[in-house]
Structures are given as C-alpha cells and as structure tokens.
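This report concerns only the one structure given below.
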Amino acid sequence: MAEEELHGIRIHLDRILAEQDMTLTELSARVGITVVNLSVLKNGRAKAIRFSTLSRICDVLGCQPGDLITHDPTGAAP
C-alpha cells in the first residue's frame with residue numbers, strides 16, 4: 001500500500017462553505033482552528049479529527065457531521 005493509506009472517507013467542507021458563502025479564513029476565525037489545519041481537513045489529507053473540533057465546525061456551519069463527512073466504501077478518489 002502507498003505511503004498514504006487509502007480510505008473511503010470524503011470531506012465536503014468546500015461545498016458547505018460555498019453554499020454558505022463563507023471562506024476558510026472566516027471559518028477558521030469563528031471555530032478557532034488554523035487555516036492550515038482546516039485546509040488539511042478540507043482537502044481530505046487529515047488522518048483524524050477530534051469530536052470537539054467537528055462539533056465546533058458543525059455549530060458554526062449549522063450542519064450535522066453527516067453533512068461534512070461521508071463514506072464511499074469503494075475508496076475511489078472523489
């Protein structure tokens with residue numbers, strides 16, 4: 001297996017931000033997480049996310065975790 005482990009988790013932060021006309025920088029300020037860390041999450045490169053972080057993101061965006069994260073069992077690239 002490649003250095004980056006394949007998985008079927010998809011992050012939809014870019015879509016939700018676009019729907020709410022919010023920038024990653026604005027989300028960063030409102031959630032209290034660096035833009036770099038949010039970018040890693042948004043681009044699907046995060047290896048984990050704390051529930052407290054996920055909860056803050058959902059609070060700010062007014063969404064549910066399932067709106068942000070889905071699972072594609074085939075593991076195919078988005």
Side-chain angles (χ1 to χ4, degrees):
M1 189 172 288
E3 186 174 305
E4 287 190 28
E5 187 174 326
L6 296 177
H7 58 78
I9 300 299
R10 301 291 167 249
I11 305 296
H12 307 287
L13 188 55
D14 53 348
R15 176 181 48 81
I16 294 172
L17 287 171
E19 289 171 357
Q20 297 199 16
D21 196 31
M22 184 182 297
T23 66
L24 203 60
T25 302
E26 182 180 352
L27 180 63
S28 170
R30 293 179 64 186
V31 172
I33 299 168
T34 67
V35 173
V36 171
N37 284 340
L38 281 176
S39 181
V40 167
L41 177 64
K42 181 178 84 78
N43 293 317
R45 294 188 319 266
K47 295 186 186 293
I49 184 170
R50 293 178 189 264
F51 284 150
S52 59
T53 301
L54 182 59
S55 180
R56 289 194 317 265
I57 291 170
C58 288
D59 287 344
V60 169
L61 295 176
C63 67
Q64 294 294 313
D67 298 329
L68 287 170
I69 302 170
T70 57
H71 178 251
D72 175 3
T74 65

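Reckoned from all heavy atoms, side chains included, excluding hydrogens, waters and symmetry mates.
- Leu17 is not listed as a side-chain neighbour of Glu26, based on a closest heavy-atom distance of 4.5 Å or more.
- Minimum interatomic distance between Arg56 and Val31 (heavy atoms only, all atoms of both residues): NE-O, 3.1 Å.
- In this structure, the side chains of Ile49 and Ile11 stay at 4.5 Å or more apart for every pair of heavy atoms.
- Looking at every heavy atom in both residues, Cys58 comes nearest to Pro65 through SG-N, 3.6 Å.
- Minimum interatomic distance between Cys63 and Ile16 (heavy atoms only, all atoms of both residues): SG-CD1, 4.5 Å.
- Separating the CZ atom in Arg30 from the OG1 atom in Thr25 is a distance of 13.0 Å, to the nearest 0.5 Å.
- In this structure, Leu24 and Leu13 have side chains that are in contact, with non-hydrogen atoms separated by less than 4.5 Å.
- Once rounded to the nearest 0.5 Å, the distance linking CZ of Arg10 with CD1 of Ile69 reads 12.0 Å.
- The cluster map of Ile, Leu, Val, Met, Phe, Trp and Tyr, joined by side-chain heavy atoms under 4.5 Å apart, puts Val60 and Val35 in the same cluster.
- Between Met22 and Leu61, the shortest heavy-atom contact is SD-CD2, 3.9 Å.
- Rounding to the nearest 0.5 Å places CG of Leu68 at 8.5 Å from CZ of Arg15.
- With contacts defined as side-chain heavy-atom distances shorter than 4.5 Å, the pair Ile33/Leu41 does not qualify.
- In this structure, the side chains of Ile9 and His71 come closer than 4.5 Å at one or more pairs of heavy atoms.
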